[in-house]
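Throughout, numbering of the chain's residues begins at 1 and tracks the sequence. Counting convention: from 1, in listed order, for ligands and their atoms alike.
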Amino acid sequence: MEYVILAVVIAVVAIGAITGLVVSGRRRRELDRPSQAPTITAPAPAKPAPTETAPSGTGTEVETEPGAEPETAAEQPTVEEVRAEEAEAAPAIEVPEPTAGRLVRLRSRLSRSQSTLGKGLLTLLSRDRLDEDTWEEIEETLLTADVGVAATQELVDNLRTRVKVLGTRTPDELRGLLREELVKLIGTDADRTVRSVKQGDGPAVVLVVGVNGVGKTTTTGKLARVLVADGRKVVLGAADTFRAAAADQLQTWGERVGAHTVRGPEGGDPASVAFDAVKQGIADGVDTVLIDTAGRLHTKTGLMDELGKVKRVVEKHGPVDEVLLVLDATTGQNGLVQARVFAEVVDITGIVLTKLDGTAKGGIVISVQRELGVPVKLIGLGEGADDLAPFEPGAFVDALLG
Ligand code: GDP
(Lines give C-alpha, C1' and ligand atoms only; values in the text may rest on other atoms or scores of the structure.)
Protein backbone atom coordinates (compact mmCIF):
# COMPACT_ATOMS: atom_id res chain seq x y z
CA MET A 1 0.00 0.00 0.00
CA GLU A 2 2.76 2.44 0.98
CA TYR A 3 4.54 1.64 -2.28
CA VAL A 4 1.40 2.47 -4.24
CA ILE A 5 1.07 5.89 -2.47
CA LEU A 6 4.77 6.60 -3.09
CA ALA A 7 4.42 5.75 -6.78
CA VAL A 8 1.39 8.07 -7.09
CA VAL A 9 3.30 10.93 -5.39
CA ILE A 10 6.31 10.48 -7.74
CA ALA A 11 4.01 10.45 -10.76
CA VAL A 12 2.28 13.67 -9.65
CA VAL A 13 5.63 15.43 -9.04
CA ALA A 14 6.97 14.31 -12.45
CA ILE A 15 3.86 15.58 -14.29
CA GLY A 16 4.15 18.90 -12.44
CA ALA A 17 7.82 19.31 -13.39
CA ILE A 18 7.19 18.54 -17.08
CA THR A 19 4.30 21.05 -17.18
CA GLY A 20 6.53 23.67 -15.56
CA LEU A 21 9.27 23.14 -18.13
CA VAL A 22 6.85 23.48 -21.04
CA VAL A 23 5.35 26.70 -19.63
CA SER A 24 8.71 28.30 -18.84
CA GLY A 25 10.01 27.37 -22.31
CA ARG A 26 7.05 29.14 -23.85
CA ARG A 27 7.50 32.17 -21.61
CA ARG A 28 11.15 32.33 -22.65
CA ARG A 29 10.20 32.23 -26.33
CA GLU A 30 7.72 35.04 -25.72
CA LEU A 31 10.34 37.10 -23.88
CA ASP A 32 12.78 36.57 -26.74
CA ARG A 33 10.35 37.89 -29.28
CA PRO A 34 10.94 41.60 -28.64
CA SER A 35 14.47 41.26 -30.05
CA GLN A 36 12.89 40.63 -33.44
CA ALA A 37 10.37 43.40 -32.84
CA PRO A 38 12.42 46.06 -31.08
CA THR A 39 9.58 48.56 -31.02
CA ILE A 40 8.06 46.86 -28.00
CA THR A 41 10.80 48.24 -25.79
CA ALA A 42 11.13 51.44 -27.76
CA PRO A 43 11.34 54.90 -26.22
CA ALA A 44 9.00 56.15 -23.57
CA PRO A 45 6.89 59.22 -24.27
CA ALA A 46 8.97 62.35 -24.45
CA LYS A 47 6.48 64.44 -22.51
CA PRO A 48 5.16 64.12 -19.91
CA ALA A 49 8.07 62.56 -18.09
CA PRO A 50 8.38 58.80 -18.46
CA THR A 51 6.87 56.69 -15.73
CA GLU A 52 7.92 53.35 -14.35
CA THR A 53 5.31 51.38 -16.22
CA ALA A 54 5.17 50.62 -19.92
CA PRO A 55 4.18 53.68 -21.95
CA SER A 56 0.78 53.90 -23.50
CA GLY A 57 -0.43 55.88 -26.45
CA THR A 58 3.07 56.31 -27.84
CA GLY A 59 2.77 53.93 -30.73
CA THR A 60 5.21 51.64 -29.02
CA GLU A 61 2.85 48.81 -28.18
CA VAL A 62 2.76 47.57 -31.72
CA GLU A 63 1.98 44.00 -30.74
CA THR A 64 -0.81 44.91 -28.38
CA GLU A 65 -2.67 47.47 -30.47
CA PRO A 66 -6.27 46.56 -31.07
CA GLY A 67 -6.62 45.33 -34.59
CA ALA A 68 -3.01 44.17 -34.81
CA GLU A 69 -2.92 40.69 -36.29
CA PRO A 70 -1.74 38.08 -33.81
CA GLU A 71 0.84 35.66 -35.23
CA THR A 72 -1.11 32.67 -33.99
CA ALA A 73 -3.99 32.87 -31.59
CA ALA A 74 -2.50 30.29 -29.24
CA GLU A 75 0.96 31.96 -28.99
CA GLN A 76 -0.22 35.55 -28.55
CA PRO A 77 0.15 36.70 -24.94
CA THR A 78 -2.57 38.78 -23.37
CA VAL A 79 -2.07 42.50 -22.76
CA GLU A 80 -1.63 41.78 -19.05
CA GLU A 81 1.02 39.17 -19.80
CA VAL A 82 2.94 41.55 -22.08
CA ARG A 83 2.85 44.32 -19.47
CA ALA A 84 3.93 41.94 -16.71
CA GLU A 85 6.79 40.64 -18.83
CA GLU A 86 7.88 44.15 -19.84
CA ALA A 87 7.88 45.24 -16.24
CA GLU A 88 9.95 42.20 -15.37
CA ALA A 89 12.38 42.39 -18.31
CA ALA A 90 12.94 46.15 -18.72
CA PRO A 91 14.66 48.15 -16.01
CA ALA A 92 12.60 50.95 -14.52
CA ILE A 93 12.68 53.98 -16.79
CA GLU A 94 14.28 56.91 -15.04
CA VAL A 95 13.33 60.54 -15.26
CA PRO A 96 16.55 62.44 -16.01
CA GLU A 97 17.27 65.68 -14.27
CA PRO A 98 16.40 68.77 -16.36
CA THR A 99 19.41 70.28 -18.12
CA ALA A 100 18.74 73.96 -17.57
CA GLY A 101 21.11 75.33 -14.95
CA ARG A 102 22.94 72.01 -14.55
CA LEU A 103 26.31 73.72 -14.64
CA VAL A 104 25.28 75.95 -11.77
CA ARG A 105 24.24 72.90 -9.75
CA LEU A 106 27.52 71.12 -10.55
CA ARG A 107 29.76 74.14 -9.95
CA SER A 108 31.43 72.65 -6.89
CA ARG A 109 32.78 69.85 -9.11
CA LEU A 110 35.13 72.39 -10.63
CA SER A 111 36.79 72.88 -7.27
CA ARG A 112 40.28 71.97 -8.46
CA SER A 113 40.22 74.42 -11.35
CA GLN A 114 38.51 76.85 -9.03
CA SER A 115 41.38 76.91 -6.55
CA THR A 116 44.07 77.20 -9.24
CA LEU A 117 42.52 79.42 -11.84
CA GLY A 118 39.83 81.32 -9.98
CA LYS A 119 41.11 81.80 -6.45
CA GLY A 120 44.78 81.69 -7.53
CA LEU A 121 44.35 84.56 -9.95
CA LEU A 122 42.20 86.62 -7.59
CA THR A 123 44.76 86.27 -4.81
CA LEU A 124 47.60 87.35 -7.08
CA LEU A 125 45.67 90.30 -8.46
CA SER A 126 44.81 91.44 -4.92
CA ARG A 127 48.43 91.97 -3.95
CA ASP A 128 49.30 95.52 -2.93
CA ARG A 129 51.96 95.84 -5.54
CA LEU A 130 51.54 94.26 -8.94
CA ASP A 131 55.18 94.08 -9.96
CA GLU A 132 56.77 92.11 -12.82
CA ASP A 133 57.19 89.02 -10.61
CA THR A 134 53.50 89.00 -9.82
CA TRP A 135 52.53 89.34 -13.47
CA GLU A 136 54.84 86.45 -14.23
CA GLU A 137 53.13 84.39 -11.57
CA ILE A 138 49.77 85.26 -13.08
CA GLU A 139 51.06 84.12 -16.45
CA GLU A 140 52.34 80.87 -14.98
CA THR A 141 49.02 80.22 -13.29
CA LEU A 142 47.21 80.59 -16.59
CA LEU A 143 49.67 78.38 -18.44
CA THR A 144 49.50 75.69 -15.75
CA ALA A 145 45.74 75.65 -16.11
CA ASP A 146 46.16 74.95 -19.85
CA VAL A 147 44.79 78.29 -21.03
CA GLY A 148 47.41 78.25 -23.82
CA VAL A 149 50.21 80.65 -24.68
CA ALA A 150 48.41 83.07 -26.99
CA ALA A 151 45.30 83.35 -24.82
CA THR A 152 47.44 83.82 -21.70
CA GLN A 153 49.31 86.69 -23.31
CA GLU A 154 46.08 88.31 -24.41
CA LEU A 155 44.55 87.99 -20.97
CA VAL A 156 47.60 89.31 -19.13
CA ASP A 157 47.89 92.30 -21.48
CA ASN A 158 44.24 93.19 -21.00
CA LEU A 159 44.41 92.74 -17.24
CA ARG A 160 47.51 94.91 -16.97
CA THR A 161 45.87 97.75 -18.86
CA ARG A 162 42.61 97.56 -16.97
CA VAL A 163 44.18 97.22 -13.53
CA LYS A 164 46.28 100.31 -14.23
CA VAL A 165 43.18 102.28 -15.22
CA LEU A 166 41.37 101.02 -12.15
CA GLY A 167 44.01 102.27 -9.70
CA THR A 168 42.98 101.03 -6.28
CA ARG A 169 41.20 97.69 -6.47
CA THR A 170 38.42 96.29 -4.33
CA PRO A 171 37.92 92.50 -4.36
CA ASP A 172 34.57 92.94 -6.09
CA GLU A 173 36.06 95.09 -8.81
CA LEU A 174 38.83 92.59 -9.41
CA ARG A 175 36.41 89.74 -9.58
CA GLY A 176 34.22 91.59 -12.07
CA LEU A 177 37.21 92.48 -14.20
CA LEU A 178 38.60 88.96 -14.27
CA ARG A 179 35.16 87.56 -15.00
CA GLU A 180 34.72 89.84 -17.99
CA GLU A 181 38.13 89.03 -19.42
CA LEU A 182 37.73 85.25 -19.00
CA VAL A 183 34.25 85.27 -20.52
CA LYS A 184 35.60 87.33 -23.42
CA LEU A 185 38.31 84.70 -24.03
CA ILE A 186 35.81 81.85 -23.98
CA GLY A 187 33.43 83.73 -26.25
CA THR A 188 29.71 84.10 -25.97
CA ASP A 189 28.66 84.38 -29.58
CA ALA A 190 29.12 80.72 -30.62
CA ASP A 191 26.06 78.52 -30.99
CA ARG A 192 26.53 75.87 -28.32
CA THR A 193 23.33 73.93 -28.81
CA VAL A 194 23.77 70.31 -29.84
CA ARG A 195 21.98 70.00 -33.20
CA SER A 196 19.53 67.36 -32.16
CA VAL A 197 16.27 68.63 -33.57
CA LYS A 198 15.01 66.94 -36.69
CA GLN A 199 15.22 68.89 -39.89
CA GLY A 200 12.52 67.81 -42.29
CA ASP A 201 11.48 64.16 -42.19
CA GLY A 202 14.53 62.40 -40.83
CA PRO A 203 16.02 62.47 -37.36
CA ALA A 204 19.01 64.64 -36.50
CA VAL A 205 22.15 62.52 -36.59
CA VAL A 206 24.90 63.05 -34.04
CA LEU A 207 28.25 61.25 -34.30
CA VAL A 208 30.28 60.98 -31.12
CA VAL A 209 34.02 60.54 -31.77
CA GLY A 210 37.19 60.41 -29.71
CA VAL A 211 39.95 58.04 -28.60
CA ASN A 212 39.48 55.16 -26.17
CA GLY A 213 39.00 56.00 -22.55
CA VAL A 214 38.09 59.66 -22.90
CA GLY A 215 34.53 58.93 -21.82
CA LYS A 216 32.90 58.67 -25.24
CA THR A 217 30.40 55.91 -24.53
CA THR A 218 29.54 57.39 -21.15
CA THR A 219 29.03 60.78 -22.80
CA THR A 220 26.79 59.28 -25.50
CA GLY A 221 24.68 57.69 -22.76
CA LYS A 222 24.55 60.86 -20.71
CA LEU A 223 23.68 62.87 -23.80
CA ALA A 224 20.78 60.53 -24.51
CA ARG A 225 19.51 61.41 -21.03
CA VAL A 226 20.01 65.13 -21.68
CA LEU A 227 17.95 64.86 -24.87
CA VAL A 228 15.22 62.75 -23.27
CA ALA A 229 15.06 65.22 -20.39
CA ASP A 230 14.54 67.94 -22.98
CA GLY A 231 11.65 66.02 -24.54
CA ARG A 232 13.34 64.28 -27.47
CA LYS A 233 12.91 60.72 -28.70
CA VAL A 234 16.27 59.07 -29.21
CA VAL A 235 17.76 55.96 -30.88
CA LEU A 236 21.31 54.97 -30.00
CA GLY A 237 23.77 53.36 -32.40
CA ALA A 238 26.50 51.21 -30.82
CA ALA A 239 29.07 51.55 -33.62
CA ASP A 240 31.97 50.96 -31.24
CA THR A 241 32.08 47.31 -32.24
CA PHE A 242 35.72 46.89 -31.24
CA ARG A 243 35.59 47.45 -27.52
CA ALA A 244 33.92 44.36 -26.13
CA ALA A 245 31.73 46.00 -23.48
CA ALA A 246 30.89 49.23 -25.31
CA ALA A 247 27.60 48.05 -26.86
CA ASP A 248 26.34 46.57 -23.57
CA GLN A 249 27.35 49.73 -21.76
CA LEU A 250 25.49 51.92 -24.24
CA GLN A 251 22.42 49.70 -24.25
CA THR A 252 22.22 49.95 -20.47
CA TRP A 253 22.32 53.74 -20.68
CA GLY A 254 19.59 53.64 -23.31
CA GLU A 255 17.34 51.30 -21.36
CA ARG A 256 17.47 53.55 -18.35
CA VAL A 257 15.69 56.30 -20.29
CA GLY A 258 13.70 54.07 -22.65
CA ALA A 259 15.87 54.66 -25.74
CA HIS A 260 16.38 51.75 -28.13
CA THR A 261 19.97 50.75 -28.99
CA VAL A 262 20.88 49.36 -32.41
CA ARG A 263 23.90 47.11 -32.24
CA GLY A 264 25.80 44.70 -34.47
CA PRO A 265 28.02 41.69 -33.96
CA GLU A 266 31.17 42.21 -31.91
CA GLY A 267 34.04 43.16 -34.21
CA GLY A 268 31.53 43.82 -37.01
CA ASP A 269 31.52 46.73 -39.43
CA PRO A 270 30.94 49.97 -37.47
CA ALA A 271 29.69 51.77 -40.57
CA SER A 272 26.92 49.23 -41.07
CA VAL A 273 25.77 49.56 -37.44
CA ALA A 274 25.73 53.34 -37.84
CA PHE A 275 23.74 52.98 -41.07
CA ASP A 276 21.23 50.63 -39.41
CA ALA A 277 20.84 52.95 -36.43
CA VAL A 278 19.82 55.84 -38.65
CA LYS A 279 17.50 53.53 -40.58
CA GLN A 280 15.86 52.49 -37.30
CA GLY A 281 15.63 56.11 -36.20
CA ILE A 282 13.83 57.00 -39.43
CA ALA A 283 11.46 54.04 -39.06
CA ASP A 284 10.68 54.93 -35.43
CA GLY A 285 10.23 58.60 -36.26
CA VAL A 286 12.61 59.70 -33.49
CA ASP A 287 14.12 63.17 -33.15
CA THR A 288 17.75 62.18 -32.74
CA VAL A 289 20.07 59.28 -33.56
CA LEU A 290 23.19 59.28 -31.40
CA ILE A 291 26.05 57.16 -32.71
CA ASP A 292 28.91 56.06 -30.49
CA THR A 293 31.90 55.32 -32.71
CA ALA A 294 34.93 53.16 -32.02
CA GLY A 295 37.78 54.74 -30.03
CA ARG A 296 40.13 55.06 -32.89
CA LEU A 297 43.75 55.44 -31.98
CA HIS A 298 44.73 58.59 -33.77
CA THR A 299 48.10 57.16 -34.72
CA LYS A 300 46.57 54.36 -36.79
CA THR A 301 45.74 55.91 -40.12
CA GLY A 302 43.62 52.97 -41.27
CA LEU A 303 41.37 53.21 -38.26
CA MET A 304 40.99 56.95 -38.66
CA ASP A 305 40.00 56.39 -42.29
CA GLU A 306 37.32 54.08 -41.01
CA LEU A 307 35.79 56.93 -39.06
CA GLY A 308 35.58 58.87 -42.30
CA LYS A 309 33.82 55.84 -43.77
CA VAL A 310 31.27 55.72 -40.93
CA LYS A 311 30.38 59.32 -41.68
CA ARG A 312 30.12 58.76 -45.42
CA VAL A 313 27.93 55.68 -45.01
CA VAL A 314 25.60 57.46 -42.57
CA GLU A 315 25.34 60.33 -45.04
CA LYS A 316 23.62 57.99 -47.49
CA HIS A 317 20.53 58.62 -45.36
CA GLY A 318 21.14 62.37 -45.22
CA PRO A 319 23.57 64.84 -43.70
CA VAL A 320 25.19 64.32 -40.33
CA ASP A 321 24.03 67.22 -38.17
CA GLU A 322 26.64 67.14 -35.47
CA VAL A 323 30.06 65.58 -34.92
CA LEU A 324 30.99 65.83 -31.26
CA LEU A 325 34.63 65.28 -30.36
CA VAL A 326 35.03 63.99 -26.82
CA LEU A 327 38.27 65.01 -25.10
CA ASP A 328 39.50 64.12 -21.64
CA ALA A 329 40.33 67.42 -19.92
CA THR A 330 42.93 65.75 -17.73
CA THR A 331 45.14 64.88 -20.72
CA GLY A 332 46.10 68.50 -21.43
CA GLN A 333 48.26 68.99 -24.50
CA ASN A 334 47.75 65.40 -25.59
CA GLY A 335 44.06 66.19 -25.94
CA LEU A 336 44.90 69.05 -28.25
CA VAL A 337 47.00 66.75 -30.42
CA GLN A 338 44.07 64.33 -30.66
CA ALA A 339 41.75 67.20 -31.54
CA ARG A 340 43.96 68.23 -34.45
CA VAL A 341 44.07 64.70 -35.91
CA PHE A 342 40.32 64.13 -35.63
CA ALA A 343 39.64 67.50 -37.23
CA GLU A 344 41.56 66.32 -40.29
CA VAL A 345 39.29 63.31 -40.77
CA VAL A 346 35.84 64.66 -39.93
CA ASP A 347 34.38 68.13 -39.59
CA ILE A 348 34.07 68.55 -35.86
CA THR A 349 31.09 70.74 -34.98
CA GLY A 350 31.29 70.63 -31.20
CA ILE A 351 33.58 69.61 -28.36
CA VAL A 352 32.72 67.71 -25.21
CA LEU A 353 35.27 68.09 -22.43
CA THR A 354 35.00 65.28 -19.94
CA LYS A 355 36.50 64.81 -16.47
CA LEU A 356 36.70 68.52 -15.70
CA ASP A 357 35.87 67.42 -12.16
CA GLY A 358 39.24 65.69 -11.89
CA THR A 359 41.59 68.40 -13.04
CA ALA A 360 42.88 71.86 -12.22
CA LYS A 361 43.25 72.51 -15.94
CA GLY A 362 39.91 74.14 -16.67
CA GLY A 363 41.73 76.52 -19.02
CA ILE A 364 41.61 73.79 -21.66
CA VAL A 365 38.14 75.08 -22.51
CA ILE A 366 39.84 78.17 -23.92
CA SER A 367 42.78 76.49 -25.66
CA VAL A 368 40.79 73.72 -27.35
CA GLN A 369 38.27 76.16 -28.79
CA ARG A 370 41.11 78.26 -30.19
CA GLU A 371 42.82 75.18 -31.59
CA LEU A 372 39.77 73.89 -33.45
CA GLY A 373 37.74 77.04 -33.93
CA VAL A 374 34.78 74.99 -32.67
CA PRO A 375 32.79 75.65 -29.48
CA VAL A 376 32.75 73.51 -26.36
CA LYS A 377 29.12 72.42 -26.17
CA LEU A 378 29.04 70.08 -23.19
CA ILE A 379 31.22 69.38 -20.19
CA GLY A 380 31.50 66.24 -18.08
CA LEU A 381 31.71 66.88 -14.37
CA GLY A 382 31.55 63.42 -12.87
CA GLU A 383 30.64 59.79 -13.38
CA GLY A 384 27.02 60.20 -12.34
CA ALA A 385 24.26 59.81 -14.92
CA ASP A 386 23.32 63.49 -14.89
CA ASP A 387 26.84 64.88 -14.58
CA LEU A 388 26.96 66.18 -18.14
CA ALA A 389 26.13 69.87 -18.45
CA PRO A 390 25.45 72.15 -21.40
CA PHE A 391 28.36 74.57 -21.46
CA GLU A 392 27.60 78.19 -20.59
CA PRO A 393 30.59 80.59 -20.53
CA GLY A 394 29.17 82.92 -17.86
CA ALA A 395 28.17 80.15 -15.48
CA PHE A 396 31.49 78.37 -16.07
CA VAL A 397 33.56 81.43 -15.21
CA ASP A 398 31.37 82.13 -12.18
CA ALA A 399 32.02 78.58 -11.03
CA LEU A 400 35.76 79.05 -11.50
CA LEU A 401 35.79 82.25 -9.52
CA GLY A 402 33.86 80.58 -6.71
P1 GDP B 1 35.34 55.42 -23.94
O2 GDP B 1 36.38 54.34 -24.10
O3 GDP B 1 35.83 56.72 -24.49
O4 GDP B 1 34.01 55.04 -24.47
O5 GDP B 1 35.24 55.69 -22.36
P6 GDP B 1 34.08 55.34 -21.31
O7 GDP B 1 32.82 56.04 -21.69
O8 GDP B 1 34.01 53.90 -21.11
O9 GDP B 1 34.64 56.09 -20.00
C10 GDP B 1 35.88 55.82 -19.43
C11 GDP B 1 35.84 56.19 -17.96
O12 GDP B 1 35.75 57.60 -17.80
C13 GDP B 1 34.64 55.61 -17.22
O14 GDP B 1 35.07 55.12 -15.99
C15 GDP B 1 33.74 56.81 -17.01
O16 GDP B 1 32.91 56.69 -15.88
C17 GDP B 1 34.74 57.91 -16.85
N18 GDP B 1 34.19 59.23 -17.13
C19 GDP B 1 33.52 59.64 -18.24
N20 GDP B 1 33.17 60.95 -18.15
C21 GDP B 1 33.62 61.39 -16.93
C22 GDP B 1 33.57 62.66 -16.24
O23 GDP B 1 33.06 63.67 -16.72
N24 GDP B 1 34.16 62.69 -15.00
C25 GDP B 1 34.75 61.60 -14.46
N26 GDP B 1 35.30 61.74 -13.25
N27 GDP B 1 34.82 60.41 -15.07
C28 GDP B 1 34.26 60.29 -16.30
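For Lys279, the NZ atom sits in a loose shell: 12 or fewer heavy atoms of surrounding residues, nucleotides or ligands are nearer than 6.0 Å. Atom CG of Asp131 is surrounded by more than 12 heavy atoms from other residues, nucleotides or ligands within 6.0 Å.
Residue contacts with ligand 1: Arg243 is placed with a nitrogen or oxygen under 3.5 Å of a nitrogen or oxygen of the ligand (distance criterion only).
Protein heavy atom nearest atom 8 (O) of ligand 1, with residue, atom name and distance: Gln249 NE2, 3.2 Å. Protein heavy atom nearest atom 3 (O) of ligand 1, with residue, atom name and distance: Lys216 N, 2.7 Å. Among all non-hydrogen protein atoms, the one lying nearest atom 10 (C) of ligand 1 is Gly213 O, 3.8 Å. The nearest heavy-atom contact from the protein to atom 13 (C) of ligand 1 is Glu383 OE1, 4.1 Å. The nearest protein atom to atom 18 (N) of ligand 1, hydrogens excluded, is given as Lys355 CE, 3.8 Å; this is a heavy-atom distance. Nearest to atom 5 (O) of ligand 1 among the protein's heavy atoms is Gly215 N, 3.2 Å. Nearest protein heavy-atom contact of atom 7 (O) of ligand 1 is Thr218 OG1, 2.4 Å.
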Check: Checking salt bridge (charged side-chain N to carboxylate O under 4.0 Å, His left out) for the pair Asp276/Arg263: CA distance, chi angles, key distance, verdict?
Finding: CA-CA 8 Å; Asp276 288 348; Arg263 46 191 295 180; over 6 Å; no
Next item on the list: With side chain to side chain contact (heavy atoms under 4.5 Å, CB included) as the test, would you mind laying out the steps for Ile186 and Val376 before giving the verdict?
Entry: CA-CA 9 Å; Ile186 294 172; Val376 170; over 6 Å; no
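For ligand 1 and Val211, the ligand atoms under 4.0 Å from any heavy atom of the residue are 3 (O). Within ligand 1, the atoms closer than 4.0 Å to a non-hydrogen atom of Gly380 are 23 (O), numbered from 1 in the order shown. Against a heavy-atom cut-off of under 4.0 Å, Leu381 is close to the following atoms of ligand 1: 23 (O). For ligand 1 and Asp357, the ligand atoms under 4.0 Å from any heavy atom of the residue are 22 (C), 23 (O), 24 (N), 25 (C), 26 (N).
In this structure, Gly210 has no heavy atom closer than 4.0 Å to ligand 1.
Here Lys184 does not pair with Glu180 in a salt bridge; the nearest charged N to carboxylate O distance is not below 4.0 Å.
Pairing each heavy atom of Asp240 with each of Thr293, the nearest pair is CB-O, 3.5 Å.
Note that CD1 of Ile138 and CG of Leu155 are 9.0 Å apart. Values are rounded to the nearest 0.5 Å.
Between the side chains of Glu154 and Asn158, no donor-acceptor pair of N or O atoms lies under 3.5 Å.
Results of the salt bridge (Lys or Arg N to Asp or Glu O under 4.0 Å) test with Arg225 over Asp386, Asp387, Asp230 single out Asp386 as the only residue that passes.
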